[in-house]
Amino acid sequence: MQRILVIGSLNADLETEVARFPKPGETLLGGPLRVSCGGKGNNQAVAAARLGAKVTMLGAVGEDNFGHMLLENLKKNNVNTDSIFIRKDKPSATALITRTHKDNHIIVTDGANNTLRPKDILAAQSLVERNDVLLLQQEIPLETQITAIEIGYQLGKLVVLNPAPVRPLPDEIIRKTSYLLPNEHEILALGKNANETIEEIILQSEIPIVMTWGDKGILYKGTDNKIVHKPAYTVTPMDTTGAGDTFCGAFCCFLSQGFEIALQKALQASALSVTHFGAQGGMPTLEELEAYSFS
Ligand code: RIB
């Protein structure tokens, strides 16, 4: 069983659906407010755990109702929460999400995620040691993330980075990761210059990149050094929030079975994830994934 340590964010998602996104300065009427568990780190931890990985999460929540909700949800999903800090001086972070059935706009507020410091990671070296994969995103302070990548690299772990949201990381730090999983927006920040195309970025990267591309699937470099496009599985989408997170969690979960299998199962899991509301609503269990007949 793959042992995964997720170091990352936990957010309460405050979400409403609109027929279309508002223009600058415009007010729209939306649907009901839904409150659910989210945060890229939290979502990826739950996605991997539901698929059978042994997952531990290192992060921070506030000492408030949202913090309580986030911790209980992780426990319910068999994620080890012993390394989650409960902060008295900062509230749990929230994500303000406006979505259509096809896409979303997300703003994450300042909160307990930003209290995670390099010293917290340095104190957790033995935890990194006990895991096979270190899975990271970019909703915690940059210096903390850099410390985590350094430690994962020094301990010889697989370091998987979902560079979301876009924040600049030094090249020498990127080089210490094992896989990069950006979407079509985030990948552009990994280019050497503004003129580089997505294909050039993927082909020239020293680190394997798998670009998630929404309902178009994924792009990556094949063994013949050419771009491979794997289409997404066709489903009826209800809410695409968390689809990329499901891909990342599933990819890490199945990596021990080989790169191609991990990609295929991650595509299947992320397709199922969009068929229910909320970032985690549609994330499948291993049984659900295996029982579904993908065409
Ligand atoms: O990727 C989706 C997630 O982004 C949401 O759950 C939200 O909390 C933000 O972190």
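Along the sequence shown, residues carry numbers from 1.
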Exercise. In terms of heavy-atom contacts, does NE2 of His68 have more than 12 from other residues, nucleotides or ligands at under 6.0 Å?
Worked result: no
Problem set entry | Same cluster (ILVMFWY, side-chain, under 4.5 Å), Leu74 and Ile140 | no
Problem set entry | Heavy-atom pair with the smallest gap, counting every atom of Glu200 and Glu196 |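 So the minimum-distance heavy-atom pair works out to OE1-CA, 3.4 Å.
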Problem set entry | Candidate pair Leu142 and Gln145, rule side chain to side chain contact (heavy atoms under 4.5 Å, CB included), full reasoning | CA-CA 5 Å; Leu142 222 48; Gln145 196 193 338; 3.5 Å; yes
Exercise. Would you call Tyr179 and Leu255 a side-chain contact if the rule is heavy atoms closer than 4.5 Å?
Worked result: yes
Problem set entry | In one Ile/Leu/Val/Met/Phe/Trp/Tyr side-chain cluster, 4.5 Å: Ile209, Leu134 | yes
Exercise. Is a side-chain donor or acceptor of Asp64 paired with a backbone partner of Ser92 at a separation under 3.5 angstrom?
Worked result: yes
Exercise. Between the side chain of His229 and the main-chain N/O of Lys216, is any donor-acceptor distance below 3.5 Å?
Worked result: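 Side chain of His229 to backbone of Lys216: a pair is present.
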Exercise. Mind checking whether Phe251 and Phe259 have parallel, tilted or perpendicular rings, split at 30° and 60°?
Worked result: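 Taking Phe259 first and then Phe251, their aromatic rings stand perpendicular (interplane angle over 60°).
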Exercise. Only one of Leu181, Val228, Asn183, Leu263 forms a side-chain contact (heavy atoms from CB on, under 4.5 Å) with Ile218, so which one is it?
Worked result: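 When side-chain contact (heavy atoms from CB on, under 4.5 Å) is applied between Ile218 and each of Leu181, Val228, Asn183, Leu263, only Leu263 qualifies.
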Problem set entry | Minimum heavy-atom distance between Gly41 and Met57, given as atom pair plus value |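 That closest heavy-atom pairing would be C-CE, 3.7 Å.
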Exercise. Hydrophobic clusters join Ile, Leu, Val, Met, Phe, Trp and Tyr when side-chain heavy atoms are under 4.5 Å apart, directly or via other members; which others share one with Leu14?
Worked result: Leu33, Val35, Phe66, Met69, Leu96
Exercise. Hey, does Cys248 have a side-chain heavy atom less than 4.5 Å from the side chain of Val160?
Worked result: no
Exercise. Applying the 4.5 Å side-chain criterion to the ILVMFWY set and letting contacts propagate, would Val61 and Phe85 be lumped into a single cluster?
Worked result: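 In one cluster with Val61: Phe85, no.
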Exercise. For Ile202, does its backbone N or O pair with a side-chain atom of Ser205 as donor and acceptor, under 3.5 Å?
Worked result: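 It does not hold such a pair.
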Exercise. Hey, is Lys75 close enough to Glu72 for a salt bridge, meaning N to O under 4.0 Å?
Worked result: yes
Exercise. Counting N and O atoms only, with roles assigned by atom type, does the side chain of Arg117 sit under 3.5 Å from a partner on the main chain of Asn114, one being a donor and the other an acceptor?
Worked result: yes
For this session: Considering non-hydrogen atoms only, spot the tightest contact between Thr246 and Pro284 and give its length.
Result: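 Here Thr246 and Pro284 meet closest at CG2-CD, 4.3 Å.
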Exercise. Which atoms form the tightest heavy-atom contact between Val274 and Ala243, and what is the distance?
Worked result: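 Of all heavy-atom pairs spanning Val274 and Ala243, the closest is CG1-CB, 3.6 Å.
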For this session: Provide the closest heavy-atom pair for Gly249 versus Ala48 in the form atom of the first, atom of the second, distance.
Result: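 Looks like O-CB, 3.5 Å.
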Exercise. Any donor and acceptor pair, going by atom type alone, linking the side chain of Ser9 with main-chain N or O of Gly39 inside 3.5 Å?
Worked result: no
For this session: Determine the sole option in Gln44, Gln138, Gln137 for which the side chain to side chain donor-acceptor pair (under 3.5 Å) test with Asn162 is passed.
Result: Gln44
For this session: Determine yes or no for a side-chain-to-main-chain donor-acceptor pair under 3.5 angstrom, with Arg50 supplying the side chain and Met283 the backbone.
Result: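 Such a contact is found between Arg50 side chain and Met283 backbone.
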Exercise. Under a 4.5 Å cut-off applied to non-hydrogen side-chain atoms, are Glu184 and Leu219 in contact?
Worked result: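 No, every pair of side-chain atoms sits at 4.5 Å or beyond.
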Problem set entry | Thr177 side-chain N/O to Ile173 backbone N/O, donor-acceptor pair under 3.5 Å |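 Flag not set: sc Thr177 to bb Ile173 has no pair under 3.5 Å.
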Exercise. Is Ile174 reachable from Ile151 through a run of hydrophobic residues whose side-chain heavy atoms are each under 4.5 Å from the next?
Worked result: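 In one cluster with Ile151: Ile174, yes.
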Exercise. Would you say Val108 and Lys40 make side-chain contact, with heavy atoms under 4.5 Å?
Worked result: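 Side chain of Val108 against side chain of Lys40, heavy atoms only: no contact under 4.5 Å found.
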Exercise. What pairs with Asn131 under side chain to side chain contact (heavy atoms under 4.5 Å, CB included), at least two apart in sequence or on another chain?
Worked result: Arg3, Leu5, Leu127
Problem set entry | Enclosure of Tyr153 OH (heavy-atom neighbours >12, cutoff 6.0 Å) | no
Exercise. Quick one: are Ser83 and Thr56 in side-chain contact, heavy atoms under 4.5 Å?
Worked result: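 Touching, per the 4.5 Å side-chain cut-off.
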For this session: Tell me whether Leu135 is reachable from Ile207 by hopping between hydrophobic residues (I, L, V, M, F, W, Y) whose side-chain heavy atoms are closer than 4.5 Å.
Result: no
For this session: Begin from the C-alpha positions of Tyr220 and Glu260 and carry the test side chain to side chain contact (heavy atoms under 4.5 Å, CB included) through to its verdict.
Result: CA-CA 11 Å; Tyr220 61 100; Glu260 290 289 336; 3.1 Å; yes
For this session: Give the minimum heavy-atom separation between Pro182 and Val210, together with the two atoms involved.
Result: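 So the two residues come closest at CD-O, 3.3 Å.
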Exercise. Under a 4.0 Å N-O cut-off, is there an ion pair linking Asp120 with Arg87?
Worked result: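 Between Arg87 and Asp120 there is a salt bridge, with a charged N closer than 4.0 Å to a carboxylate O.
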Exercise. Mind checking whether Tyr233 and Gln264 have side chains closer than 4.5 Å, heavy atoms only?
Worked result: yes
Problem set entry | CD1 on Ile97 to OG1 on Thr241, rounded to 0.5 Å |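 Between atom OG1 of Thr241 and atom CD1 of Ile97 there are 5.0 Å.
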Exercise. Can you find a pair of side-chain heavy atoms, one from Val235 and one from Tyr292, that are under 4.5 Å apart?
Worked result: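 Yes, at least one pair of side-chain atoms sits under 4.5 Å.
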For this session: State, with a plain yes or no, whether a side-chain heavy atom of Pro170 is found less than 4.5 Å away from one of Ile146.
Result: yes
Exercise. How long is the gap from CG on Asn78 to OG1 on Thr81, to the nearest 0.5 Å?
Worked result: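 Answer rounded to 0.5 Å: 11.0 Å.
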Seminar exercise, completed: Tested for side chain to side chain donor-acceptor pair (under 3.5 Å) against Asn113, the lone hit among Asn42, Asn11, Thr144 is Asn11
Exercise. What's the verdict on side chain to side chain contact (heavy atoms under 4.5 Å, CB included) for Asp215 and Lys102, showing C-alpha distance, side-chain angles and the deciding distance?
Worked result: CA-CA 9 Å; Asp215 60 4; Lys102 277 191 171 160; 5.5 Å; no
Exercise. Hey, does the side chain of Gln257 reach the backbone of Phe254 with a donor-acceptor pair shorter than 3.5 angstrom?
Worked result: no
Exercise. Just one of Glu17, Arg34, Glu15 clears the side-chain contact (heavy atoms from CB on, under 4.5 Å) bar with Asp239, so which one?
Worked result: Glu15
Exercise. If you count the non-hydrogen atoms of other residues, nucleotides and ligands that lie under 6.0 Å from NZ in Lys221, is the total more than 12?
Worked result: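 More than 12 heavy atoms, drawn from other residues, nucleotides or ligands, come within 6.0 Å of this atom.
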For this session: Can you establish whether the number of heavy atoms outside Asp103 located under 6.0 Å from its atom CG is more than 12?
Result: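 Count over threshold, so yes.
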Problem set entry | Expected output: side-chain Ser178 to main-chain Val159 donor-acceptor under 3.5 Å | yes
Exercise. Judged by atom type as modelled, is there a donor-acceptor pair below 3.5 Å linking the side chain of Lys90 to the main-chain atoms of Gly62?
Worked result: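 No.
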